[in-house]
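Presented below is the structure to which this report refers.
Throughout, protein chains are lettered first and strands after them, A, B, ... in sequence-line order, and every chain is numbered starting at 1. What's counted below: heavy atoms across the whole structure, side chains too, no hydrogens, waters or symmetry copies.
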Amino acid sequence: MHDIKFIRENPEAFDAGLKRRGLEVRSAELLAIDAERRRLMSEAQEIQARRNKAAKEIGAIKSKGGDASAIMAQVAADKEEEELKDAAAKILNLDLENALLEIPNLPASDVPDGKDETKNKLLRTSGEPPSFDFKPKAHDELGVGLGLMDFDAAAKLSGARFVVLKGALARLERALGAFMLNLHTGTNGYLEVNPPVLVKDTALYGTGQLPKFGDDLFRTEQGHWMIPTAEVPLTNLVSGEILDDAKLPIRMTALTNCFRSEAGAAGKDTRGMIRQHQFQKVELVSITTPEQSEEEHNRMLNCAEEVLKRLGLAYRVITLCTGDMGFSARKTYDIEVWLPAQNAYREISSCSNCGEFQALRMKARCRKAGEKTTRPVHTLNGSGLAVGRTLVAVLENYQQADGSIVVPEALKHYMGGLEVIKP
RNA sequence: GGAGAGAUGGCCGAGCGGCUGAAGGCGACGGUUUGCUAAACCGUUGUACGGGGUAAACCCGUACCGAGGGUUCGAAUCCCUCUCUCUCCGCCA
């Protein structure tokens, strides 16, 4: 959420940021509401101060057995007026908040401008796509061929966009999750967290999925929402807190299932495991001071890249342009892994710096020891990595002509020493 | 699911409808004392919003004692609703 004070002091910068996102300018409209609401608030407060004083006088007079009816009449009139102003101010406060909640974060100055993904900027590539002396198969063909990946069974149980993994592939997914978690909790220094995957509205408002994107989520009959990413519970862990600057950055990681309705993706990636309603993901979340967040963003990106390097997978990193960034982000790097069967790089991680945007929504602040003023923290999140898509990448990149899969060196230990997955 | 108890500041804990932003204790911070440590003593110690101040410091006002309503000239204190926590019973991975 945006700080109305910032908009008050920097209306042109605010509008310029919205324009870069391809949106209409809003500062004039917001500031008009703001001015009116502040006027009403201070008027109501003045009356309240008067009433508080009068109430004390009444108490004093009555305790001496005197007659306070004159003051009481005045107070009654004041009260009526105050209630009117209060009610009006309350409505405007809500109007303002609702408007602010629906406005996305402003892009950082170094984010490339552009309407859509065609304007994203390549940052670097790493590794060589493998060459095959046969036509590489798609991961779903490989998995089904091995008899260890079953979309029909999943459809029977749950419908489209689900999968059943068995045997060595089920284990491979577990191995990938464990491998990533070990890397991040070990050398990368993240704290492992096992959070709920069902959360309340407030958590989703905090990270920005609500109020605008409820359609992308699953909701239980009891009113819980299923998390679309562990970013939601992990980041909201600091909601409402005032953290000591010295304790930052806080780095957390979690392996969870993620649930997405894929409402807007009808017909997209219908084959295979690329786009599922339920998938596993290892998430990285950092909570930092405002000064630290940019450096932390790069660090996080490196942590995610390290997973692919150790798995020996080719990838590239791109900086998303203003038009392709998510709602809460001020800057985002995507990592795309090479998929031989698609002959293309496909997204496997997204690392975003949200600046103070989420912190303002969830009232997460920090403070230097000994200082009075609090500041909103900065929040960052990134996939490290999407486990399901990593499994897809391993299958396609490590496939052999006979349809068997070589287990990457880094995973052998997790696979109980298994070298090759074959039927 | 049934029955009961509770929710107060960083923590513990008191609180008659007005003198309570909130006693007391602990912790933390600053200081005095001290060869060092310990101890003792003194002081400070919430957040947000609005206004003032170029800004930091600071000053004024308002709100907040789980949340939201209500009663009252006046509510942490009375009433209603909700949420959460705890205990016991049942069920259960």
* Whether Phe218(A) and His277(A) hold their rings parallel, tilted or perpendicular, with breakpoints at 30° and 60° -> perpendicular
* Tyr414(A) and Phe179(A) aromatic ring geometry - parallel, tilted or perpendicular at 30°/60° bounds ->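 Perpendicular: the ring planes of Phe179(A) and Tyr414(A) meet at over 60°.
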[N] phosphate, OP1 or OP2: any side-chain N/O from [X] under 4.0 angstrom?
X	N	answer
Lys90(A)	G69(B)	yes
Asn52(A)	U62(B)	yes
Gln48(A)	A63(B)	yes
Lys79(A)	G74(B)	yes
Thr374(A)	A48(B)	yes

If I take atom [atom1] in residue [X] and atom [atom2] in nucleotide [N], what distance separates them, rounded to the nearest angstrom?
X	N	atom1	atom2	answer
Lys363(A)	A67(B)	NZ	P	14 Å
Glu81(A)	C73(B)	CD	P	18 Å
Leu100(A)	C49(B)	CG	C1'	15 Å
Lys53(A)	G61(B)	NZ	P	8 Å
Asp34(A)	G50(B)	CG	P	8 Å
Arg37(A)	A63(B)	CZ	C1'	14 Å
Arg50(A)	C73(B)	CZ	P	18 Å
Ile61(A)	G18(B)	CD1	P	18 Å

Could you measure between the two [atom1] atoms, the one in [N] and the one in [M], and give it in whole Å?
N	M	atom1	value
C78(B)	U8(B)	P	15 Å
A23(B)	G9(B)	P	12 Å
C79(B)	G17(B)	P	11 Å
G1(B)	G18(B)	C1'	45 Å
G43(B)	G35(B)	C1'	26 Å
A48(B)	A57(B)	P	12 Å
C89(B)	C16(B)	P	34 Å
C82(B)	A3(B)	P	14 Å

* Test Thr253(A) against Glu192(A) for side-chain hydrogen bond (donor to acceptor under 3.5 Å, both in side chains), laying out the working first. => CA-CA 5 Å; Thr253(A) 183; Glu192(A) 182 169 353; over 6 Å; no
* **Closest non-hydrogen atom pair between Phe213(A) and Gly208(A), with its separation** =>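 Shortest heavy-atom contact: CD1-O, 3.7 Å.
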* Tell me the salt bridge (charged side-chain N to carboxylate O under 4.0 Å, His left out) pairs involving residues 412-423 of chain A, sequence neighbours left out? ->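 Checked against salt bridge (charged side-chain N to carboxylate O under 4.0 Å, His left out) - neighbours excluded - the pairs reaching residues 412-423 of chain A are Glu409(A)-Lys412(A), Lys412(A)-Glu419(A).
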* Asked: Taking only residues at least two apart or on different chains, which pairs with a member in residues 276-290 of chain A satisfy salt bridge (charged side-chain N to carboxylate O under 4.0 Å, His left out)?
  -> Lys281(A)-Glu283(A)
* The side chain of Arg365(A) lies closest to which of these nucleotides: A63(B), G50(B), A48(B)? ->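 For the Arg365(A) side chain, the nearest candidate turns out to be A48(B).
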* **Residue whose nearest RNA chain B nucleotide is more 5′ - Glu46(A) or Ile4(A)** =>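 Mapping each residue to its closest nucleotide by heavy atoms, the 5'-most match is Ile4(A).
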* **Along RNA chain B (nearest heavy atom to each residue), the more 5'-positioned of Lys56(A) and Met41(A)** =>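 Closest to the 5' end, via its nearest nucleotide, is Lys56(A).
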Touch class at under 4.0 angstrom, heavy-atom based, for [X] against every strand present:
X	answer
Ile242(A)	sugar-phosphate
Lys5(A)	sugar-phosphate
Ala54(A)	nothing

* nucleotides 51-58 of chain B: protein proximity per nucleotide (B base, S sugar-phosphate only, - neither; heavy atom, under 4.0 Å) -> S-------
Check residues 145-161 of chain A and write down every donor-acceptor pair under 3.5 Å in which the side-chain atom is one partner and the other belongs to a residue at least two apart or another chain.
residue   : atom : partner   : partner atom : Å
Asp150(A) : OD1  : Asp152(A) : N            : 3.1
Asp150(A) : OD1  : Ala153(A) : N            : 2.8
Arg161(A) : NH1  : Lys268(A) : O            : 3.3
Arg161(A) : NH1  : Asp269(A) : O            : 3.3
Arg161(A) : NH1  : Arg275(A) : O            : 3.1
Arg161(A) : NH2  : Ala265(A) : O            : 2.9
Arg161(A) : NH2  : Lys268(A) : O            : 3.1

* Just jot down the side chain to side chain donor-acceptor pair (under 3.5 Å) partners of Arg37(A), sequence neighbours excluded, or say none. => Asp34(A), Asn93(A)
* To do: Quick one: stems involving RNA chain B, counted as three or more successive Watson-Crick or G-U pairs, both distances short of 3.5 Å.
  =>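 Stem segments, range with range: B:1-7 with B:83-89, B:10-12 with B:24-26, B:27-32 with B:40-45, B:46-52 with B:58-64, B:66-70 with B:78-82.
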* Pair Lys5(A) + Glu9(A), salt bridge at N-O below 4.0 Å -> no
* Asked: Charged N to carboxylate O under 4.0 angstrom, Glu82(A) versus Lys79(A)?
  -> no
* Would you say the ring centroid of Phe357(A) lies under 6.0 angstrom from that of Phe327(A)? ->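 That pair passes the under 6.0 Å test.
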